[in-house]
Amino acid sequence: MDQQPIISFKNVNKIYNNGTVGLKDINFDIPRGEFLVVVGLSGAGKSTLLRTINRMHEISSGEITIENEPISDYKGQSLRLLRRKIGMIFQDFNLIKRSTVQRNVLSGRVSYYPTWKSVLNLFSAADKDRAIRALERVNLTEKLYTRADELSGGQQQRVAIARTLMQDPKVILADEPVASLDPLTTQTVMDILKRLNQEDGITVIVNLHSVALARQYADRIVGLRAGAVVYDKEIADVTEADLTKIYQTA
Ligand SMILES: Nc1ncnc2c1ncn2[C@@H]1O[C@H](COP(=O)(O)OP(=O)(O)OP(=O)(O)O)[C@@H](O)[C@H]1O
């Protein structure tokens with residue numbers, strides 16, 4: 001792994017407008033190429049944490065740096081470039097349900113096009129090939145012309161991952177990516193994320209409820225409770241006692 005962290009949190013706090021504490025004094029580095037799992041109960045701050053990394057949520061104080069650059073002041077083009085290098089997948093897949101798999105995957109490329117071209121669906125032949133290669137990575141090429149809403153949940157999540165690959169991301173953020181999937185499909189989706197991490201060197205940060213799943217896939221686990229880090233350990237050092245810390249009250 002590169003010595004330089006790809007993402008760094010320094011004294012990060014997030015207080016929502018209504019006074020709710022989202023994040024409390026977060027400090028940690030994420031090395032390039034790491035598979036990091038963030039665990040915590042509902043409301044612990046996992047989504048908030050993930051969404052500060054691509055500026056879907058603004059922080060209240062502290063600093064987040066990505067590849068050594070503070071991101072808080074990014075706007076316009078710099079913010080677009082930040083979001084291009086950080087892919088995101090969601091619990092509910094966020095596909096365009098009435099469009100084909102191909103259209104959905106190609107939409108991951110729009111940040112490389114002027115708006116008018118992407119609106120008119122003027123994707124290049126090279127990007128159509130790129131879409132097929134992305135679908136190969138998730139083993140779903142045979143569904144190229146199928147409508148997204150005709151796919152199972154697991155297949156939809158794989159399309160969402162292929163769409164993210166079209167960005168050529170350095171980082172993938174996955175917010176509860178398997179929360180609506182059955183156990184078998186869960187393994188398939190987590191295996192794909194792990195493969196992209198290991199084969200392509202993409203830094204992957206996954207929010208999970210399940211500590212068992214976290215143990216199976218993570219290089220490192222960060223436990224959150226009430227917006228604060230309660231432990232932050234390499235997988236080999238994580239104990240049962242650590243894992244239960246996220247369930248303790250105050
Ligand atoms: N837009 C918002 N305005 C006010 N409070 C919010 C907002 N979004 C989240 N919160 C609060 O911030 C805290 C952290 O929420 P967050 O969604 O990050 O937790 P989480 O660990 O991802 O939970 P879940 O697994 O349920 O998504 C919670 O108390 C939540 O109610």
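In each ligand, atom 1 is the first atom listed, and ligand 1 is the first ligand listed. In this chain, numbering begins with 1 at the start of the sequence shown.
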Is the shortest distance from atom 31 (O) of ligand 1 to a protein heavy atom below 4.0 Å? no

Counting only heavy atoms on the protein side, is anything nearer than 4.0 Å to atom 28 (C) of ligand 1? yes

Tell me, please: is [X] in heavy-atom contact with ligand 1, that is, under 4.0 Å?
X      : answer
Glu176 : yes
His209 : yes
Gly45  : yes

Of the listed options (Ala179, Gly43, Ala44, Gly19), which comes nearest to atom 13 (C) of ligand 1 when hydrogens are ignored and any heavy atom counts? Gly43

If you have a sec, work out which protein heavy atom is nearest [atom] and how many Å separate them, to one decimal?
atom                    : result
atom 17 (O) of ligand 1 : Ser47 CB, 3.7 Å
atom 3 (N) of ligand 1  : Tyr16 CD2, 3.4 Å
atom 26 (O) of ligand 1 : Ser42 OG, 2.5 Å

Pick out which of Ile71, Ile64, Ile66 makes a side chain to side chain contact (heavy atoms under 4.5 Å, CB included) with Arg55. Ile71

Is it true that, when you exclude [X] itself, more than 12 heavy atoms of the residues, nucleotides or ligands shown sit nearer than 6.0 Å to its [atom1]?
X      : atom1 : answer
Asn139 : CG    : no
Asp129 : CG    : yes
Asn17  : CG    : no

NZ/NE/NH1/NH2 to OD/OE distance under 4.0 Å, Asp219 and Lys194: yes

With a 4.5 Å limit on heavy-atom distance, are the side chains of Asn11 and Asn27 in contact? yes

I'd like to know if the side chain of Gln77 pairs up with that of Arg80 as donor and acceptor (distance under 3.5 Å, no hydrogens or angles considered). yes

Are side-chain N/O atoms of Asp242 and Thr239 paired as donor and acceptor at under 3.5 Å? yes

Ligand-side contact atoms (ligand 1) for residue partner Lys46, heavy atom cut-off under 4.0 Å: 18 (O), 19 (O), 20 (P), 21 (O), 22 (O), 23 (O), 25 (O)

Could you walk me through whether Gln155 and Phe93 satisfy the side-chain contact (heavy atoms from CB on, under 4.5 Å) test, starting with their C-alpha distance in whole Å, then the side-chain angles of each, then the deciding distance to 0.1 Å, before giving a yes or no? CA-CA 10 Å; Gln155 289 170 333; Phe93 325 127; over 6 Å; no

Can you tell which part of Thr20 has a heavy atom less than 4.0 Å from ligand 1: side chain, backbone, both or neither? side chain

Please state which part of Leu41 comes within less than 4.0 Å of ligand 1, counting heavy atoms only: side chain, backbone, both or neither. backbone

Any N/O of Thr48 closer than 3.5 Å to an N/O of ligand 1? yes

